Amino acid sequence: MPRRCTVCDHPERHGIDETLVTGAPYRSVAKRFELSESAVYRHKTEHLPAHLLKAKEVEEAVREDDLLDQVRNLQAHALDILERAEKAGDLRTALAAISQARGNLELLGKLAGELDERPVVNLNVSPEWLELRAVIVGALEPHPTAHRAIIRALEGVNNS
Ligand SMILES: [Zn+2]
């Protein structure tokens with residue numbers, strides 16, 4: 001169990017971090033917040049960099065989320081224009097809207113990829129999975145309890 005850091009646990013940790021970031025000497029920070037100099041020094045060298053990194057990550061994620069929202073918004077508009085242009089028989093505008101929507105989709109895909117690098121495995125549309133699922137369910141048919149259980153479990157997988 002690592003020793004608790006009195007600075008990390010301090011209610012004014014953000015204020016302390018900000019003061020340290022401005023380059024204030026740890027001795028004066030310790031005095032100002034009534035902490036021991038060694039605790040502030042250790043916090044500054046060992047914990048502060050991680051906090052700053054985390055804050056930067058959060059800030060970037062928020063910015064990307066915002067960007068994603070804007071592209072989604074644009075996409076909704078493009079699709080709306082496409083629908084109206086099609087109804088009005090305005091093929092020129094419809095084509096322009098399609099091209100715009102395609103660009104938005106590419107951008108959305110790119111942004112989504114950057115936001116979530118985890119590989120997305122969609123089991124439900126994989127033919128191998130559907131086949132395997134049919135084999136498993138079929139094999140358990142003579143065993144009603146297990147059969148019901150596996151179907152329930154598979155439904156859980158589908159909904160997640
Ligand atoms: Zn700390």
Side-chain angles (χ1 to χ4, degrees), residues 2 5 7-24 29 33 43-160:
C5 167
V7 183
C8 282
D9 288 343
H10 199 280
E12 287 182 81
R13 199 204 86 206
H14 284 291
I16 299 169
D17 281 352
E18 275 168 23
T19 314
L20 286 171
V21 166
T22 62
V29 174
F33 292 95
H43 176 80
K44 183 182 177 173
T45 51
E46 290 174 18
H47 305 149
L48 186 58
H51 290 165
L52 292 178
L53 212 61
K54 188 93 193 148
K56 196 166 161 275
E57 277 169 15
V58 169
E59 193 183 297
E60 276 171 10
V62 165
R63 213 165 43 224
E64 279 170 8
D65 264 351
D66 191 44
L67 206 56
L68 203 57
D69 273 350
Q70 289 189 35
V71 181
R72 281 197 187 113
N73 204 2
L74 275 179
Q75 181 70 335
H77 278 303
L79 293 176
D80 185 48
I81 288 169
L82 173 62
E83 203 184 312
R84 279 193 281 168
E86 272 180 341
K87 273 184 192 151
D90 182 355
L91 297 181
R92 219 181 146 88
T93 305
L95 262 182
I98 286 171
S99 150
Q100 190 61 53
R102 200 188 50 208
N104 289 340
L105 274 183
E106 280 170 10
L107 201 54
L108 274 175
K110 206 162 161 278
L111 280 171
E114 278 168 14
L115 286 178
D116 189 354
E117 294 288 347
R118 285 170 302 176
V120 176
V121 180
N122 193 340
L123 284 174
N124 292 329
V125 295
S126 145
E128 290 86 348
W129 161 245
L130 291 177
E131 202 183 313
L132 181 64
R133 192 173 72 168
V135 169
I136 295 170
V137 172
L140 288 172
E141 242 159 32
H143 315 280
T145 311
H147 189 244
R148 270 197 304 275
I150 191 84
I151 285 177
R152 255 203 314 275
L154 287 171
E155 275 167 3
V157 170
N158 290 354
N159 292 336
S160 65

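Numbers here simply count residues along the sequence, with the first being 1. Since we're looking at a predicted model, the values are computed, not measured. All values below were derived from every heavy atom in this structure, side-chain atoms included, with hydrogens, water molecules and symmetry-related copies excluded.
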>> side chain to side chain contact (heavy atoms under 4.5 Å, CB included) for His51 and His43? Distances and angles first, verdict last.
In response: CA-CA 10 Å; His51 290 165; His43 176 80; 3.4 Å; yes
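- With sequence neighbours excluded, no residue forms a side-chain hydrogen bond (donor to acceptor under 3.5 Å, both in side chains) with Glu86.
- With rounding to the nearest 0.5 angstrom, the CZ atom of Arg84 is 12.0 Å from the CG atom of Leu79.
- Using a 4.5 Å cut-off on side-chain heavy atoms (C-beta onward), Ile81 and Glu83 make no contact.
- The nearest pair of heavy atoms linking Ala85 to Ala94 is CB-N, 3.6 Å.
- Remark: the His47 side chain and the Asp17 side chain contain no N/O donor-acceptor pair separated by less than 3.5 Å.
- Taken from CG in Leu82 to CD in Gln75, the straight-line distance is 9.5 Å, to the nearest 0.5 Å.
- To the nearest 0.5 angstrom, Glu18 atom CD is 10.5 Å from Leu48 atom CG.
- Minimum heavy-atom separation, Ala97 to Ala78: CB-O, 3.7 Å.
- Nearest heavy atom pair, residue Ile16 against residue Val7, reads CG2-CG1, 3.8 Å.
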> Run the side chain to side chain contact (heavy atoms under 4.5 Å, CB included) check on Thr19 and Phe33 step by step: do they pass?
Replying inline: CA-CA 11 Å; Thr19 314; Phe33 292 95; 4.1 Å; yes
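- For the atom pair CG of Leu91 and CD1 of Ile98, the computed distance is 9.0 Å after rounding to the nearest 0.5 Å.
- Atom CG of Asp80 and atom NE2 of His77 lie 8.0 Å apart (nearest 0.5 Å).
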